[in-house]
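Encoded as structure tokens, the structure appears first; notes follow it.
Protein chains get the first letters and strands the later ones, always in sequence-line order, with residue 1 at the start of each.
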Amino acid sequence: MSKPSLPQGTRDFSSETVRKRNHIFSTIKSVFECYGFEPLETPAMENLETLMGKYGEEGDRLIFKILNNGLNDPKNETKAKEGFEKLLNGKNSSALTERALKYDLTIPFARYVAMNHGQLTFPYKRYQIQPVWRADRPQKGRYREFTQCDADVVGSTALINEVELSNIYHEVFIRLGLNKYSLKINNRKILSALAEKIDGSNLLIDITIAIDKLDKIGIDKVNQELMQRGLAQNQIDFINQYLNVNGDNQEKLEKIEKLLSNNNQATEGINELRYIIQVANKANIDIDFTLARGLNYYTGTIFEAKAPAEIQMGSIGGGGRYDNLTALFGVSNIPGVGISFGVDRIYDVMDEMNLFPNNIYSSVRALFFNMGIEESKFSYSVMQTVREKGIACELYHEHAKLDKQFKYADKKNILFAVIIGSQEMNSNTCILKNLQTGEQQQIPLEELLNSFKNNSRPLTNPNTH
RNA sequence: GUGGUUGUAGCUCAGUUGGUUAGAGCACCAGAUUGUGAUUCUGGGGGUCGUGGGUUCGAGCCCCAUCAUCCACCCCA
């Protein structure tokens with residue numbers, strides 16, 4: 001038996017980590033609910049067919065596929081061997097795999113809407129908080145199993161949805177203490193207009209992939225990459241003018257309007273951005289014409305949320321408008337727009353910035369000390385009356401030195417020690433000790449409940465991990 | 001998928017050009033102290049040196065493979 005281990009890129013979450021993650025989940029959830037979104041959950045696995053071809057070539061490669069059962073059955077042998085041959089040639093074979101772990105929450109959601117559009121009330125606003133899996137090589141802020149929190153609105157083209165989603169980003173990040181986040185926003189229509197302007201509509205994806213890297217690799221390397229991707233010098237020159245558009249949001253919009261004049265797509269995209277920044281005036285929106293985003297189903301507004309600049313971390317959220325996602329599943333005319341929070345990255349950022357409040361480390365309120373066989377029976381019955389009032393407490397599991405029982409209470413961040421020895425038993429009293437202040441007093445048992453109510457939770461961070 | 005980094009006690013890490021029986025701090029257990037958390041003192045348990053091969057009289061150290069980790073690329077949350 002070898003040492004137990006975890007698959008690459010997956011993690012166990014200790015109690016402290018779970019509490020911190022729950023703090024993020026509940027914050028996001030309450031904001032989603034506040035904006036009228038309803039919960040949805042879908043299975044961990046989907047039919048492979050549902051997922052393939054939805055995330056681009058690279059995305060397909062990163063989908064975790066599940067091997068079919070029963071391949072070793074003799075009657076499946078030729079089928080299995082044929083399937084394997086296909087696999088070696090780089091093709092998927094339903095003979096070998098027909099299910100896969102979900103890669104994101106948006107496509108399964110589109111599948112759900114396509115299957116249930118008859119029953120849903122539109123616009124349908126749903127949120128979903130579930131793990132997803134990607135067969136990527138792990139590194140900083142990147143895991144093979146991670147949790148996404150999505151909110152999407154389908155069945156509406158109204159821009160007010162984009163406004164609401166922007167405000168949701170703002171509300172969540174403010175509540176979590178990430179005040180200096182930034183929300184980059186752009187519109188695919190503007191990118192399309194750029195491609196049209198230089199007669200390069202067929203190269204739209206190449207252009208967006210290259211310019212998306214601007215802040216990372218610099219203008220020279222972007223130009224190099226554009227050249228490699230087959231763009232001519234005059235096209236690149238125009239793209240450079242596009243990339244040089246700067247200033248505050250208003251200035252940028254005016255400049256891009258001039259640069260991409262007489263183009264319907266550009267006009268539409270610009271008007272949409274203008275509406276969003278005007279109505280969602282509270283959010284930290286930063287128009288960024290270099291924002292492109294990989295997923296090729298986006299058609300209008302695109303979002304990307306960035307951690308405060310002082311933290312080295314990629315995007316902590318993203319989303320956009322997709323005007324016909326359910327068409328992939330045979331149901332057309334259901335436009336939608338959605339956003340996603342990357343909880344695992346938000347966690348890492350908050351951890352690095354020390355933003356978790358201390359009061360999330362809730363623990364049991366009191367430890368009843370075990371002073372012997374008879375004493376512990378008595379303590380147990382007292383404790384049960386306290387538990388009936390909804391106050392969390394524990395009885396130390398065995399008779400042990402007080403030193404040990406105190407240390408246990410310390411480690412579990414328990415505020416009160418309740419000591420009932422033979423003397424206290426005889427007088428129907430107990431010793432109540434506040435472990436933070438060290439104060440202790442002997443009180444009648446009837447007063448025990450009240451003493452808990454008047455005291456707040458411990459506020460120290462437990463050192464257990 | 002490509003390139004690099006690291007892997008020694010529960011945790012953080014030393015370990016010399018390859019050379020006796022692999023160390024420290026913290027943590028843990030017992031006692032000094034059988035009704036009060038600290039400190040101090042005394043004693044104690046713990047390791048197939050990530051795993052599997054190889055070179056060598058001899059490997060924690062060198063070589064190969066493999067797994068995991070962290071980092072960069074690609075891509076992405």
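Contact annotation for A:Ser315: backbone-only contact, meaning every heavy-atom pair under 4.0 Å involves sugar-phosphate atoms and none involves a base. Contacts of A:Glu57 with the nucleic acid, taken as non-hydrogen atoms under 4.0 Å apart, are absent. Within 4.0 Å (heavy atoms only), A:Ile346 reaches no atom of the nucleic acid at all. In this structure, A:Phe341 reaches neither bases nor backbone, as no heavy-atom distance under 4.0 Å exists between it and the strands shown. Contact annotation for A:Gly317: backbone-only contact, meaning every heavy-atom pair under 4.0 Å involves sugar-phosphate atoms and none involves a base. Among the atoms of the strands shown, only primed sugar atoms or phosphate atoms (P, OP1, OP2) are found under 4.0 Å from some heavy atom of A:Gly9. Looking at heavy-atom distances under 4.0 Å, A:Ser422 makes contact with a base. Heavy atoms of A:Gly59 sit nowhere under 4.0 angstrom from any nucleic acid atom.
In this structure, the NZ atom of A:Lys401 is 7 Å from the C1' atom of B:rG31, given to the nearest Å. Rounded to a whole Å, the CD1 atom of A:Ile339 is 19 Å from the P atom of B:rC76. The interatomic distance linking A:Ile217 (CD1) with B:rC75 (P) rounds to 9 Å, in whole Å. Here the P atom of nucleotide B:rC75 and the CZ atom of A:Arg61 are 10 Å apart, to the nearest Å. Atom CD of A:Glu374 and atom P of B:rG35 are 17 Å apart (whole Å).
Comparing the same atom, C1', in B:rG23 and in B:rG46 gives a spacing of 14 Å after rounding to whole Å. To the nearest whole angstrom, the two P atoms, one in B:rC70 and one in B:rU6, are 15 Å apart. To the nearest whole angstrom, the two P atoms, one in B:rG43 and one in B:rC26, are 15 Å apart. Atom name P, nucleotides B:rU40 and B:rU21: the rounded distance is 35 Å, in whole Å. B:rG47 sits 15 Å from B:rC13 when the C1' atoms are compared, rounded to a whole Å. Atom name P, nucleotides B:rG50 and B:rA77: the rounded distance is 37 Å, in whole Å. For B:rC49 and B:rU8, the P atoms lie 11 Å apart once the distance is rounded to whole Å. To the nearest whole angstrom, the two P atoms, one in B:rU34 and one in B:rA30, are 13 Å apart.
Between A:Tyr242 and A:Phe289, the ring-plane angle classifies as tilted under the 30° and 60° cut-offs. Using cut-offs of 30° and 60° for the angle between ring planes, the A:Tyr322 and A:Tyr298 rings count as tilted. Taking the six-membered ring for Trp and thresholds of 30 and 60 degrees, A:Phe356 and A:His23 have ring planes more than 60 degrees apart, a perpendicular arrangement.
Counting distance only, with no hydrogens placed and no angle test, the side-chain atoms of A:Arg142 and the base atoms of B:rC75 include a donor-acceptor pair under 3.5 Å. Side chain A:Gln8 to base B:rU69: no donor-acceptor pair is found below 3.5 Å.
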Next on the checklist: Set out, in order, the CA-CA distance, both residues' side-chain angles and the distance that settles salt bridge (Lys or Arg N to Asp or Glu O under 4.0 Å) for A:Asp152 and A:Lys125, then state yes or no.
Outcome noted: CA-CA 6 Å; A:Asp152 288 78; A:Lys125 299 162 83 171; over 6 Å; no
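Judged by the 6.0 Å and 45° rule, A:Arg144 forms no cation-pi pair with A:Phe64. A cation-pi contact, defined as under 6.0 Å to the ring centre and within 45° of the axis, links A:Arg21 to A:Phe13. For the pair A:Arg11 and A:Tyr143, the cation-pi criterion (under 6.0 Å, within 45° of the ring axis) is fulfilled.
Considering only side-chain atoms of A:Asp136, the nucleotide from B:rC75, B:rA77, B:rU2 that sits closest is B:rC75. Ranking B:rC75, B:rA77, B:rG35 by closeness to the A:Leu402 side chain, first place goes to B:rG35. Nearest nucleotide to the A:Glu424 side chain, out of B:rC29, B:rC71, B:rG35: B:rG35. Residue A:Arg134 has its side chain nearest to B:rA77 when only B:rA77, B:rC75, B:rU36 are considered. Here B:rG37 is the nucleotide among B:rG37, B:rG35, B:rC75 with the atom lying nearest to any side-chain atom of A:Asp410.
The shortest distance between the side-chain N/O atoms of A:Lys411 and the OP1/OP2 oxygens of B:rC28 is below 4.0 Å. Residue A:Gln139 places at least one side-chain N or O under 4.0 Å from the OP1 or OP2 atom of B:rA72. A:Gln405 has no side-chain polar atom (N or O) that falls below the 4.0 Å cut-off from OP1 or OP2 of B:rU36. Checking the phosphate oxygens (OP1, OP2) of B:rC75, a side-chain nitrogen or oxygen of A:Lys213 falls inside 4.0 Å. One finds a side-chain N or O of A:Lys407 lying less than 4.0 angstrom from the OP1 or OP2 phosphate oxygen of B:rA38.
Comparing A:Ile420 and A:Arg144 by the nucleotide of RNA chain B that holds the closest heavy atom to each, the one mapping nearer the 5' end is A:Ile420. Positionally, the nearest nucleotide of RNA chain B for A:Asp403 lies more toward the 5' end than for the other of A:Leu6 and A:Asp403.
Each of A:Lys54, A:Met52, A:Glu46 was scored for a side-chain contact (heavy atoms from CB on, under 4.5 Å) with A:Thr50, with one residue passing: A:Glu46.
If you check B:rA32 for Watson-Crick or wobble pairing at under 3.5 angstrom, you find it paired to B:rU40. As the counterpart of B:rA65, B:rU51 is assigned, both hydrogen-bonding distances of the Watson-Crick or G-U wobble pattern falling under 3.5 Å.
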